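Contents: one structure, followed by commentary.
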Amino acid sequence: MATCTRTMWKVLAGCQRQLTAPRNLPVRTFAAVRAQKKDKNEDTKVKEKRVIDDKDRHKPFSKTAWVPMDDVYIMRYYPRTVYGAADAIDMLKNFQALDFTPHKQPVYIDLRLIMKLEKKRKVDPFVSTVQLPHRFKTELNKVLVFTEDANQAKVAQENGAVRVGGTELIQPILDDQISADFYVAVPDILPKILPLKNKLRKKFPKSKRGTVSIHIPKMLELFRTGHDYMVEDDCYVRTQIATLDMPREHIFANLQAILIDVCSHRPASMGPFIERAIIASQTSEALWFKSEDVLPKPAEEDAEE
């Protein structure tokens with residue numbers, strides 16, 4: 001018993017020495033080198049983006065050939081085919097006939113715009129309304145007119161406005177009792193309807209968009225039958241342009257009208273505005289097309305002048 005007691009005390013004493021003994025911490029015997037700061041005035045070398053010109057090569061860089069020899073091929077081995085706009089519309093109609101898909105299906109376009117300007121500036125995303133040569137919607141848009149003038153209200157009602165009024169319409173609109181596709185106003189009433197700015201947001205009347213004017217019949221003519229689109233995700237325009245059962249000439253005319261309207265928002269100092277253009281129907285594959293073939297060619301200046 002005494003032996004066991006002595007052994008236990010020795011173990012406890014050893015544990016106490018381990019707990020109370022100072023730990024050997026690593027000691028650094030040299031000084032750290034101070035990091036050298038880069039001089040702000042030092043010229044930084046900017047790596048230039050290498051542009052590979054392979055037009056004269058027998059095949060594109062990192063591709064198998066310019067054109068596939070077979071009807072079935074792996075697309076990533078060959079350059080993407082970019083069609084003419086008229087050819088792309090014909091291909092969409094052929095896809096519909098071969099696949100037995102609905103004849104009356106929507107046709108969409110997807111445009112990627114070059115929004116960057118010089119000195120870290122860019123073109124602001126915009127909303128626009130365009131009058132298409134050939135309408136594909138059967139219903140007219142609902143337009144509400146803000147005015148407090150009795151004569152202007154009568155003109156608005158005669159030209160097809162769904163609702164005409166002044167400040168008395170503010171609370172019903174805030175309560176979602178009244179709604180419309182477009183809201184237009186005369187300049188005099190604009191300061192009085194500012195409480196609706198957060199509610200209507202992009203639909204709030206603005207002179208830049210053409211929804212503020214004294215020419216009420218002209219506004220109603222545009223917005224009752226117009227087609228609106230907007231820039232999404234900073235640089236994309238995705239919108240319907242027609243239905244596939246429309247004649248080819250009508251689809252092409254609507255496509256041309258939208259592309260011309262999109263390019264009208266381009267700053268005068270910029271070059272090409274559309275970087276990439278895609279057209280597709282609801283059930284077909286996407287086809288890249290040349291937007292420059294749709295846009296009107298600038299008038300050639302006389303060389304003698």
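Note that this is a predicted model, so its numbers are computed, not measured.
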- [ ] Sort and list the pairs that fulfil ring-ring contact (aromatic ring centres under 6.0 Å, His included) and have at least one residue in residues 171-200, not counting sequence neighbours.
- [x] Phe182-Phe223
Task: From Lys203 atom NZ to Asp181 atom CG, the distance as rounded to the nearest 0.5 Å - done: 6.0 Å
Open item on the list: Please determine whether side chain to side chain contact (heavy atoms under 4.5 Å, CB included) holds for the pair His265 and Val231, giving the CA-CA distance in whole Å, both sets of side-chain angles, and the decisive distance to 0.1 Å.
Closed with: CA-CA 11 Å; His265 297 271; Val231 177; over 6 Å; no
TODO: State whether the side chain of Arg209 and the backbone N or O of Thr129 hold a donor-acceptor pair below 3.5 Å, judged by distance alone.
DONE: no
Task: Hydrophobic cluster membership, Leu92 vs Val82, 4.5 Å side-chain cutoff - done: no
Task: Ionic contact status for Asp233 with Arg238, cut-off 4.0 Å - done: yes
Task: Rounded distance [0.5 Å steps], OH in Tyr78 versus OG1 in Thr64 - done: 5.0 Å
Open item on the list: When you measure from the side chain of Gln152 to the backbone of Thr147, do you find a donor-acceptor pair of N or O atoms at a distance under 3.5 Å?
Closed with: no
Task: Test item: Asp261 side-chain N/O and Ala257 main-chain N/O as donor-acceptor pair under 3.5 Å - done: no
Open item on the list: How long is the straight-line distance from CG of Leu194 back to CD1 of Ile170, given to the nearest 0.5 Å?
Closed with: 8.5 Å
Task: Nearest-0.5 Å distance, CZ of residue Arg276 to CG of residue Leu113 - done: 9.5 Å
Open item on the list: Between Asp234 and Lys122, is the side chain to side chain contact (heavy atoms under 4.5 Å, CB included) condition met? List the steps.
Closed with: CA-CA 10 Å; Asp234 294 332; Lys122 65 177 183 178; 4.2 Å; yes
TODO: Considering non-hydrogen atoms only, spot the tightest contact between His134 and Ala253 and give its length.
DONE: CD2-CB, 3.9 Å
TODO: List the atom of Ile189, the atom of Thr167, and the distance in Å for their closest heavy-atom pair.
DONE: CD1-N, 4.4 Å
Open item on the list: Does Asp175, at its CG atom, have more than 12 non-hydrogen atoms belonging to other residues, nucleotides or ligands within less than 6.0 Å?
Closed with: yes
- [ ] Could you tell me the separation between the CD1 atom of Ile89 and the CG atom of Asn94, rounded to the nearest 0.5 Å?
- [x] 12.0 Å
Task: Closest approach of Arg135 to Lys137 (non-hydrogen atoms, all atoms of both residues) - done: NH1-O, 2.9 Å
Open item on the list: In the structure I gave you, are the side-chain heavy atoms of His250 and Phe136 within less than 4.5 Å of one another anywhere?
Closed with: no
Task: Non-hydrogen side-chain atoms of Leu190 and Ser207 separated by less than 4.5 Å - done: no
Open item on the list: Taking atom CD as the centre, does Glu221 end up with more than 12 heavy-atom neighbours from other residues, nucleotides or ligands that are less than 6.0 angstrom away?
Closed with: no
TODO: For residues Phe252 and Val294, determine if any side-chain heavy atom of one lies less than 4.5 Å from a side-chain heavy atom of the other.
DONE: yes
TODO: Indicate yes or no for a side-chain donor-acceptor contact from Asn254 to the backbone of Ile241 under 3.5 Å, with no hydrogens or angles considered.
DONE: yes
Task: In one Ile/Leu/Val/Met/Phe/Trp/Tyr side-chain cluster, 4.5 Å: Tyr236, Ile258 - done: no
Open item on the list: Less than 4.5 Å apart, side chain to side chain, heavy atoms only: is that true for Val107 and Met246?
Closed with: no
Open item on the list: Side chains of Val184 and Pro205, heavy atoms from C-beta outward: is any pair under 4.5 Å?
Closed with: no
Open item on the list: Any non-hydrogen side-chain atom of Leu244 less than 4.5 Å from a side-chain atom of His103?
Closed with: no
Open item on the list: Against Leu111, only a single residue in Ile279, Ile278, Val262 fulfils side chain to side chain contact (heavy atoms under 4.5 Å, CB included); can you say which?
Closed with: Val262
Open item on the list: Counting only heavy atoms not in Lys142 (residues, nucleotides, ligands), do more than 12 fall under 6.0 Å from its NZ?
Closed with: no
Open item on the list: Could you see if Val143 belongs to whatever hydrophobic cluster contains Leu200? Use Ile, Leu, Val, Met, Phe, Trp, Tyr and a side-chain cutoff under 4.5 Å.
Closed with: yes
TODO: Hey, could you give me the CG/NZ distance between Asp149 and Lys154, rounded to the nearest 0.5 Å?
DONE: 12.0 Å
Open item on the list: Please find the pair of heavy atoms, one from Met219 and one from Ser213, that lie closest to each other, and give the distance.
Closed with: CE-O, 3.5 Å
Task: Path from Ile216 to Val162 over hydrophobic side-chain contacts below 4.5 Å - done: no
TODO: Please step through side chain to side chain contact (heavy atoms under 4.5 Å, CB included) for the pair Ile274 and Glu292, ending with a clear verdict.
DONE: CA-CA 9 Å; Ile274 301 176; Glu292 58 271 16; over 6 Å; no
Task: Thr283 side chain near Ser281 side chain, heavy-atom distance below 4.5 Å - done: yes
TODO: Could you state whether Ile109 and Phe95 fall into the same hydrophobic cluster, counting links through intermediate Ile, Leu, Val, Met, Phe, Trp or Tyr residues with side-chain heavy atoms under 4.5 angstrom apart?
DONE: yes
TODO: Would you name the heavy atoms of Ala85 and Phe289 that are closest together and state the gap between them?
DONE: CB-CD1, 4.0 Å
Open item on the list: Using every non-hydrogen atom in the two residues, find where Asp228 and Thr239 come nearest and quote the distance to one decimal.
Closed with: O-OG1, 4.3 Å
- [ ] Using a 4.5 Å cut-off on heavy atoms from C-beta on, say whether the side chain of Leu295 contacts that of Cys263.
- [x] yes
Open item on the list: Thr211 vs Phe204, test: side chain to side chain contact (heavy atoms under 4.5 Å, CB included). Steps then yes/no.
Closed with: CA-CA 8 Å; Thr211 50; Phe204 187 80; over 6 Å; no
